[in-house]
Amino acid sequence: MNASRNATAPAPSSMPSRGAGFGRRMGEALTLFPAGLFALVMALGGQAAPARRTLRAGAGAGAGAGRVRVMAYAFLTVLLGVLALIVAGVLAMGTARGLFYGFVDSGPYDHSWGGPSKAGAWLAHFAVSLPVTAVSIGLLYGLTALHRRLTAPLRGERRPAWVLPIVLLSCVGASLFVVAFSHQLH
């Protein structure tokens, strides 16, 4: 009974450690881009094993993954990293324009949300920033979990069928968001 149970348990490298806290997950999300880029360069140079370690794949049953396969996962990690940086930018902007609105906008507040007073404008922007901040933090946390599931085959584990389409759709959605955001700046 115990032997069959251990055979189906996921590899320890794929499971978050008990000490894997909120800050660690946020840090992992914010380092997806440089980690993916570094792993891609390493894999292009024929160093598949260090690239796998950079992708946090550990030394599971998928340790023999070829260079091309590792490059593909590194490229997908770069895409997720770009998405994480976009979300981090939204989080930073939401914090700056919400919590610190009175410091980043010197007024006049006649046409601001919550205006014409500085206190009203600050309160309105703070109220809007709360859900933006919560969603951004949730997305960063989710991107870390998505990356862990994406790289599961590198650890010799099964990847759920929904992971790759979600990664690709998320990247397309982020591209559309960036295009729409840049158009509204003009």
Side-chain angles (χ1 to χ4, degrees), residues 10 13-39 54-57 73-152 159-186:
S13 63
S14 69
M15 295 172 31
S17 67
R18 293 193 188 274
F22 176 77
R24 180 174 172 209
R25 288 277 179 109
M26 294 298 108
E28 285 180 20
L30 295 176
T31 59
L32 282 174
F33 178 73
L37 197 58
F38 183 71
T54 303
L55 294 174
R56 299 173 191 95
Y73 284 108
F75 178 72
L76 291 171
T77 299
V78 168
L79 291 179
L80 282 178
V82 169
L83 179 56
L85 292 176
I86 291 169
V87 173
V90 170
L91 177 62
M93 194 166 62
T95 301
R97 299 284 296 172
L99 185 59
F100 302 113
Y101 181 74
F103 299 118
V104 297
D105 191 349
S106 60
Y109 304 106
D110 296 336
H111 300 290
S112 294
W113 295 345
S117 72
K118 182 177 185 176
W122 200 333
L123 185 60
H125 282 79
F126 178 74
V128 170
S129 76
L130 289 178
V132 169
T133 300
V135 168
S136 297
I137 289 171
L139 285 172
L140 288 173
Y141 196 84
L143 283 172
T144 302
L146 187 61
H147 180 257
R148 287 176 191 262
R149 285 182 177 90
L150 175 70
T151 57
R159 177 183 63 221
W162 57 266
V163 171
L164 191 56
I166 293 296
V167 167
L168 297 175
L169 285 173
S170 298
C171 293
V172 168
S175 300
L176 294 174
F177 173 79
V178 168
V179 168
F181 185 79
S182 64
H183 280 230
Q184 67 95 24
L185 293 176
H186 292 114

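Residue numbers count from 1 along this sequence.
Annotation: side chain of Leu79 is not in contact with side chain of Leu83 (no heavy-atom distance under 4.5 Å). Val90 is not listed as a side-chain neighbour of Val135, based on a closest heavy-atom distance of 4.5 Å or more.
Formation of a donor-acceptor pair under 3.5 Å by the Thr144 side chain with backbone atoms of Arg25 is found in this model.
With sequence neighbours left out, Ala39 forms a side-chain contact (heavy atoms from CB on, under 4.5 Å) with Ala51, Thr54, Leu55, Ala74.
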Residues 166-179 side chain polar contacts: donor-acceptor under 3.5 Å, at least two apart:
unit_1 : atom_1 : unit_2 : atom_2 : d
Ser170 : OG     : Ile166 : O      : 2.7
Ser175 : OG     : Cys171 : O      : 3.0

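The heavy-atom pair separating Tyr73 from Arg159 by the smallest distance is OH-NH1, 2.9 Å. Taking every heavy atom of both residues into account, Ser129 and Gly94 meet most closely at CB-O, 3.2 Å. Nearest approach of Arg97 to His125, heavy atoms of both residues: O-CB, 3.3 Å. Minimum heavy-atom separation, Leu140 to Ala88: CD2-N, 4.4 Å. Here the closest non-hydrogen pair linking Trp162 and Leu146 is CZ3-CD1, 3.9 Å. Listed here is the closest heavy atom pair of Trp122 and Leu99: NE1-O, 2.9 Å.
Applying the side-chain hydrogen bond (donor to acceptor under 3.5 Å, both in side chains) definition to pairs two or more places apart or across chains, those involving residues 76-85 are Thr77-His147.
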